[in-house]
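On a predicted model such as this, the values are computed, not experimentally measured, just so you know. The first residue of the sequence shown is numbered 1, and numbering continues consecutively from there.
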Amino acid sequence: MNPRRKWAVALGAGMLAAHAPGFAQQQPKRWRIGYLDLGTLRFMEDAGRREALMQGLRDKGYVEGKNVELVMRFADGKAERLEPLATELASRKVDLILAPGTIAVRAAHKAAPATPIVVVTNGDPVGSGFAASLARPGGVITGMSDGIVDTVAKLVEIMHGVVAKLRRIAVLTNPENRVHPTLMAQVQAAARLLGAQVMEVQARAPDEIERAFATMARERAESLIILVDSFLLEQRAQIAQLALRHRLPSVYPQDYYAQAGGLLSYGADVNDNFRRAGIFVDKILRGAKPADIPFEQPTRYYLVVNRTTAAALGVKLSAELMARVDRVID
């Protein structure tokens, strides 16, 4: 066979290989997944969220650097940075976006209205406008709730069991969180049943948290409840320290606060949501529409107590309460 004919045969074989059924498997698509977070990369890593997310993706066959690329952006606690970061993600033509927290989801959807979004944690997907219903979201957004709408009244009950003759409860909220009015209504309803008054104190910046605690002291609050919020979570150490300084027994919706020195927490395992995000990613990348993928809600909640903080506050936790505790931090 002459050299020219050999070259033609080789070229033809190559073209046949390119159209063979197995060729796509030999050249796997590399998916690009965006991630938008109000918080910091350090918190995500220290809290175990990043590893939980990667484990969930690996469980579904997605390996970073092999068949998936993560494009991660963090606002470092500055809400005004979310929209520019979301626009940057959209410019990278990501296949979908993962986002924890209400304002990160809103920013992602505004920047990329046609891109599928997986909500890693949100208090009220329907109330936030992300879904027509939990069973059938109906848009490009699906994911997981943190169940706080179903458990916020429990925070009041727990605190009532900690502080004898509780009469005045302070609740720290973020005025930019659209779910908080709904949660506040539930707090107030639960408090009325127990004969307690509720005072709402707002903060949207670190210096406002200092002023909020000064207000609580002036108004003689007897205890503190924190509502779930991405900004407040980033300030968990400051909040826990101020609660201790003002000798306010406090209860929180996530165990990250108890780990930072908060007295008690009651809520779902948020890291489990990060692991389960891989299931939603896999469904969408395989062709499922977010509109048809139901939002998930937690099936279990955990009560955590920081015994060191309890001792510092001089709070004696009842045997009944301790019997319900899932984890003790010393």
Side-chain angles (χ1 to χ4, degrees), residues 38-40 42-49 76-77 100-101 121 123 146 148 151-152 154-156 158-163 166 168-174 177 180 183 187 199-271 301-317 321-322 325-330:
L38 173 63
T40 64
R42 179 173 180 177
F43 171 64
M44 187 186 186
E45 293 180 337
D46 289 350
R49 288 180 166 189
D76 297 333
T121 175
D146 51 29
I148 189 62
T151 61
V152 67
K154 193 75 174 178
L155 301 181
V156 179
I158 290 170
M159 191 48 62
H160 188 263
V162 171
V163 179
L166 179 62
R168 198 154 178 78
I169 305 170
V171 182
L172 184 60
T173 67
N174 180 351
N177 191 313
H180 281 185
L183 300 183
V187 170
M199 59 174 292
E200 180 179 4
V201 187
Q202 299 182 333
R204 73 187 86 195
D207 62 325
E208 293 181 7
I209 293 176
E210 290 270 1
R211 292 197 292 271
F213 273 88
T215 300
M216 294 178 210
R218 186 173 60 250
E219 298 295 327
R220 298 184 178 180
E222 299 169 334
S223 66
L224 171 64
I225 292 174
I226 306 295
L227 297 186
V228 65
D229 179 77
S230 298
F231 161 69
L232 295 178
L233 178 60
E234 283 296 319
Q235 308 305 317
R236 64 198 178 282
Q238 178 193 18
I239 292 169
Q241 289 166 9
L242 285 168
L244 183 59
R245 184 191 308 169
H246 289 273
R247 303 195 65 76
L248 276 174
S250 51
V251 63
Y252 307 85
Q254 295 166 325
D255 65 354
Y256 305 125
Y257 288 95
Q259 294 170 26
L263 176 61
L264 291 156
S265 69
Y266 180 76
D269 180 356
V270 177
N271 282 14
Y301 301 93
Y302 300 86
L303 179 60
V304 179
V305 59
N306 188 310
R307 193 151 46 192
T308 301
T309 300
L313 289 171
V315 171
K316 293 184 179 180
L317 302 174
L321 179 68
M322 292 303 296
V325 168
D326 297 287
R327 181 183 171 200
V328 175
I329 297 174
D330 288 309

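When all heavy atoms of Gln254 and Ser265 are compared, the pair lying nearest together is O-CB, 3.3 Å. The heavy-atom pair separating Val201 from Ala212 by the smallest distance is CG1-CB, 3.2 Å. The minimum heavy-atom distance linking Ser223 with Leu166 is given by the pair OG-CD1, 3.5 Å. Minimum interatomic distance between Ala221 and Ala170 (heavy atoms only, all atoms of both residues): CB-CB, 3.7 Å. Taking all atoms of both residues into account, the shortest heavy-atom contact from Leu155 to Tyr252 is CD2-O, 3.9 Å. What you find for Leu313 and Ala243 is that their closest heavy atoms are CD2-O, 4.4 Å.
Between the side chain of Arg168 and the backbone N or O of Glu219 there is at least one donor-acceptor pair closer than 3.5 Å. In terms of modelled atom types and a separation under 3.5 Å, the side chain of His246 and the main chain of Gln241 share no donor-acceptor contact. When atom types are taken as modelled, the side chain of Tyr257 and the backbone of Leu233 share a donor-acceptor pair closer than 3.5 angstrom. Checking side-chain atoms of Glu208 against main-chain N and O of Arg204 turns up a donor-acceptor pair under 3.5 Å. A distance-only check finds no donor-acceptor pair linking the side chain of Thr121 to the backbone of Pro100 [under 3.5 Å].
With rounding to the nearest 0.5 Å, the separation of CD1 in Ile225 from CG in Leu248 is 11.5 Å. The structure places CG of Leu172 at 10.0 Å from CE of Met199, a figure rounded to the nearest 0.5 Å. Interatomic distance, Leu303 CG to Lys154 NZ, rounded to the nearest 0.5 Å: 9.0 Å. Separating the CG atom in Leu38 from the CG atom in Asp76 is a distance of 9.0 Å, to the nearest 0.5 Å. In this structure, Thr308 OG1 and Ile329 CD1 are separated by 9.0 Å, a value rounded to the nearest 0.5 Å. One finds the CD atom of Glu222 at 11.5 Å from the CE atom of Met159 (value rounded to the nearest 0.5 Å).
In this structure the side chain of Val328 reaches within 4.5 angstrom of the side chain of Met322, judged on heavy atoms.
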Exercise. Is there a side chain to side chain contact (heavy atoms under 4.5 Å, CB included) between Leu227 and Asn177 once you walk through the steps?
Worked result: CA-CA 10 Å; Leu227 297 186; Asn177 191 313; over 6 Å; no
Using side chain to side chain contact (heavy atoms under 4.5 Å, CB included), reason through Val152 and Val187 one step at a time and then give a plain yes or no. CA-CA 7 Å; Val152 67; Val187 170; 3.5 Å; yes
### Task
Could you check Leu263 against Val251 for side chain to side chain contact (heavy atoms under 4.5 Å, CB included), going step by step and ending with a plain yes or no?
CA-CA 6 Å; Leu263 176 61; Val251 63; over 6 Å; no
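A side-chain donor-acceptor contact under 3.5 Å links Tyr256 and Asn271.
Arg247 pairs by the side chain to side chain donor-acceptor pair (under 3.5 Å) definition with nothing, not counting sequence neighbours. Applying the salt bridge (charged side-chain N to carboxylate O under 4.0 Å, His left out) criterion to Arg42, with sequence neighbours excluded, gives Asp46.
Evaluation of the salt bridge (Lys or Arg N to Asp or Glu O under 4.0 Å) test over residues 253-270, restricted to residues two or more places apart or in two chains, returns Asp255-Arg327, Asp269-Arg275.
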